[in-house]
Structure formats: C-alpha cells, structure tokens
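Along the sequence shown, residues are numbered consecutively beginning with 1. Keep in mind that what you see is a predicted model, and the values were worked out from it rather than measured.
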Amino acid sequence: QVQLVESGGGLVQPGGSLRLSCVASGRTFSRYAMGWLRQAPGKGRELVATISWNGGSTYYAGSVKGRFTISRDNAKNTVVLQMNSLKPEDTADYYCAASRYPRIGVETSEYEYWGKGTQVTVSS
C-alpha cells in the first residue's frame, strides 16, 4: 500500500507563494510519475502538474503554466509543487497522486494512489 502525505497548504494573499510537499512511502517511488491535482468547491478534480519518474518530463495545466513548478527528489521520496503569483481561482484542495506509469499522464484515471489533500486558499 502506498501512502502519500501532503503538507504546505494555507491561506495566502493574491500574488503570494506557497510550497506544497508530498512524501511517499510503500513502493519504489522513483519508478513512477507523480502529479498534483486540485479540486475547487463545486468543481471536478483537475490535473495541475505532473512529473515523470526521473524528472525529465513535466506537464502543466494552462491555467498554472509559468506560475507553478513541479519537482521531485527521488532520494527523499518527495515531490514538491512551488506555486507563485497565486490567484483567487487557485483556491482548492490540492492532492498529491502517484501514477500507474513512469511517464507523465494527463488523465486523472492514470493516478492510482492519492493523498488526503491540503487546502489552499488565496484571498485578501
């Protein structure tokens, strides 16, 4: 069984930054792609960013491209989402997820393990 534990959410003003971290355990972390997904109130879950098994490939949703950066440290079983220039529309619960595959994937169905989520609120 894979466990994913997120941290780093909170309340931030528009234009501010947050750094989300996720620590994984339970299987060989370095073999699989990882992703960050979010779900805003009343909306479906959407992919924000994903990174391949070795960090060589990344993908970002258009709404966050240029503002968010995903990275991973396979030695520490950690994936990080650096979020800059935050907007009120970034307000959501953010989830770390582990893919079934080593390559990046944009379909939520490709992610088989999920953390419990961390809340991000962007408001003045």
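Between L37 and Y94 there is no side-chain heavy-atom pair separated by less than 4.5 Å. The shortest side-chain heavy-atom distance between T118 and L20 falls under the 4.5 Å cut-off. Using a 4.5 Å heavy-atom cutoff, the side chains of F68 and L86 are in contact. Counting only heavy atoms from C-beta outward, the side chains of V79 and I51 approach each other to under 4.5 Å. Contact check for W53 versus R31: no side-chain heavy atoms found under the 4.5 Å cut-off. Between I70 and V80, the closest side-chain pair of non-hydrogen atoms is not below 4.5 Å. Side-chain contact between R72 and M34 is present, with at least one heavy-atom pair separated by less than 4.5 Å.
For N84, the side-chain contact (heavy atoms from CB on, under 4.5 Å) criterion is met by S17, Q82, not counting sequence neighbours.
Nearest heavy-atom pair, Y113 versus L4, reported as atom, atom and distance to 0.1 Å: O-CD1, 3.4 Å. Nearest heavy atom pair, residue A49 against residue Y60, reads CB-CD2, 3.6 Å. Taking every heavy atom of both residues into account, F29 and A24 meet most closely at CD1-CB, 3.5 Å. Nearest heavy atom pair, residue P14 against residue S123, reads CD-C, 3.6 Å. Contact between Q3 and Q1 at its shortest, heavy atoms only, is NE2-O, 3.2 Å. Minimum heavy-atom separation, E110 to Y101: OE1-CD1, 3.6 Å.
In this pair, W114 and Y95 present their aromatic rings perpendicular. The plane angle is above 60°, beyond the 30 to 60° band.
Counted by atom type alone, S52 and N54 present one or more donor-acceptor pairs between their side chains at under 3.5 Å. Side-chain atoms of S124 and Q13 include no donor-acceptor pair closer than 3.5 Å.
For R100 and Y32, the positive end is not near the middle of the six-membered ring at less than 6.0 Å and at most 45° from its axis.
Within the 3.5 Å criterion, the main-chain N or O of K116 finds a donor-acceptor partner in the side chain of E6.
Just one residue in the list V120, T91, V64, L47 forms a side-chain contact (heavy atoms from CB on, under 4.5 Å) with R38, and that residue is V64.
The existence of a salt bridge linking E89 and K43 is excluded, since no basic side-chain nitrogen approaches an acidic carboxylate oxygen closer than 4.0 Å.
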